[in-house]
Amino acid sequence: MNLIGHYLRDFFGLFYPRLCYACNVALISNEECICSFCSHQLPETQLHQERENKFTQIFWGRVDIETATALFYFQKGGKVQKLMHQLKYKGKTDVGNYLGRMLGHRIRQNPLWDPVEMIVPVPMHPRKQHQRGYNQSEVIARGISQVTGKPLITHQLIKTEKTQTQTRKARFNRWKNVETVFRVKDENVFRSKNVLLVDDVITTGSTLEACAQQLKAIKGTRVWMATLAMTI
């Protein structure tokens with residue numbers, strides 16, 4: 001941003017202050033979406049540094065993946081939950097892009113992620129996406145793409161049925177809820193490719209598993225996974 005842009009932002013900030021999405025404190029000029037105090041308090045996992053970790057263990061015996069990471073640990077009532085709420089339910093896509101870029105920087109730090117060739121967000125059903133106006137997983141994936149330079153592939157992995165919310169469902173019921181609702185449109189797009197599958201949060205892993213199964217059914221396709229948060 002140029003000098004005039006900074007002055008204009010500071011001027012309008014006097015009347016319409018930009019607030020931290022985690023604590024509602026006014027941001028200063030060099031802060032974006034989250035204040036420095038909250039940023040330092042966010043519980044980063046550092047899982048991107050390990051091939052086998054708490055995230056990958058969820059999928060042992062379920063689907064074969066290369067490695068996986070979540071940027072933060074999710075705690076009920078914590079700052080991460082507040083940020084996720086702003087992204088999913090308040091239309092604050094800028095925080096999703098910001099955190100996606102942060103996740104992208106972490107991924108770039110470790111050669112485990114170098115083979116990734118494309119980034120694929122977990123899709124929403126078109127009707128639900130139309131109602132919300134955006135797919136939060138796509139917003140996050142776009143931030144990762146901006147940092148890593150890996151192309152973002154949308155509209156190839158699709159959701160064909162509108163499912164009930166996964167909230168409060170047991171693991172088996174979560175899996176039955178999404179078992180057959182995802183489909184690949186053109187298998188040639190993913191054949192023999194290294195794919196990074198992106199979602200907002202992982203709990204039981206049912207949604208990611210269902211998506212990964214569709215991709216892994218294509219010859220030569222390998223799957224990495226990344227989310228903003230994982231439940232403890």
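- Side-chain contact between I58 and I202 is present, with heavy atoms from C-beta onward closer than 4.5 Å.
- Under the 4.5 Å side-chain criterion, counting only non-hydrogen atoms from C-beta, M124 is not in contact with K159.
- Distance check, rounded to the nearest 0.5 Å: CD1 of I144 to CD1 of I140 gives 7.5 Å.
- Note on residues 62-86: pairs passing ring pair (Phe, Tyr, Trp, His ring centres under 6.0 Å), not counting sequence neighbours, are H85-Y89.
- The distance from atom OG1 of T69 to atom CE of M225, rounded to the nearest 0.5 Å, is 12.5 Å.
- Considering only heavy atoms from C-beta on, V147 comes within 4.5 Å of R108 through its side chain.
- With W113 contributing its side chain and H48 its backbone, the two residues share a donor-acceptor pair below 3.5 Å.
- The side-chain hydrogen bond (donor to acceptor under 3.5 Å, both in side chains) search around D64 returns none, not counting sequence neighbours.
- Using modelled atom types and a 3.5 Å distance limit, the side chains of Q136 and D200 yield a donor-acceptor pair.
- Residue-environment remark: NZ (K54) stays at or below the threshold of 12 foreign heavy atoms within 6.0 Å.
- Separating the CG atom in D186 from the NE2 atom in H155 is a distance of 14.5 Å, to the nearest 0.5 Å.
- Using a 4.5 Å heavy-atom cutoff, the side chains of I158 and F182 are not in contact.
- Rounded to the nearest 0.5 Å, atoms CD1 (I153) and CE (M118) are 5.0 Å apart.
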Trace of the side-chain contact (heavy atoms from CB on, under 4.5 Å) decision for K92 with V95: CA-CA 6 Å; K92 307 300 184 182; V95 73; 4.2 Å; yes

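- Between E32 and R18, no side-chain nitrogen of the basic residue sits less than 4.0 Å from a carboxylate oxygen of the acidic one, so the salt-bridge criterion is not met.
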I'd like to know whether F190 forms a side-chain contact (heavy atoms from CB on, under 4.5 Å) with V195, so could you lay out the CA-CA distance, the side-chain angles of the two residues, the decisive distance to 0.1 Å, and finally the verdict. CA-CA 8 Å; F190 302 113; V195 180; 4.0 Å; yes

For a side-chain contact (heavy atoms from CB on, under 4.5 Å) check, start with the C-alpha distance between V201 and M230, then their side-chain angles and the critical distance, and finish with the verdict. CA-CA 5 Å; V201 62; M230 72 176 297; 5.8 Å; no

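- Shown here for P115 and N194, the closest heavy-atom pair between the two residues is O-ND2, 3.0 Å.
- Side-chain contact, N97 with Q146: a donor N or O sits under 3.5 Å from an acceptor N or O.
- Judged by the 6.0 Å and 45° rule, R62 forms a cation-pi pair with F59.
- Taking the side chain as every heavy atom from C-beta outward, L228 and L87 approach each other to under 4.5 Å.
- Looking at Q129, R142, K128 one by one, the single match for side-chain contact (heavy atoms from CB on, under 4.5 Å) with N135 turns out to be Q129.
- The side-chain contact (heavy atoms from CB on, under 4.5 Å) test with Y134 is passed by exactly one of H130, R132, E138: R132.
- Inspection of the D199 and T227 side chains reveals no N or O donor paired with an N or O acceptor under 3.5 Å.
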Between E187 and K219, does a salt bridge (charged side-chain N to carboxylate O under 4.0 Å, His left out) hold up when you go through it step by step? CA-CA 9 Å; E187 292 188 359; K219 184 177 179 180; over 6 Å; no

List the steps, then state whether side-chain contact (heavy atoms from CB on, under 4.5 Å) holds for C20 with C33. CA-CA 5 Å; C20 171; C33 297; over 6 Å; no

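- V223 is not listed as a side-chain neighbour of E66, based on a closest heavy-atom distance of 4.5 Å or more.
- Side-chain N/O atoms of E52 and W60 include a donor and acceptor closer than 3.5 Å.
- Contact of the L157 side chain with the L197 side chain is registered, since non-hydrogen atoms from C-beta on lie closer than 4.5 Å.
- Within the 4.5 Å cutoff, the side chain of I34 has heavy atoms near those of the L83 side chain.
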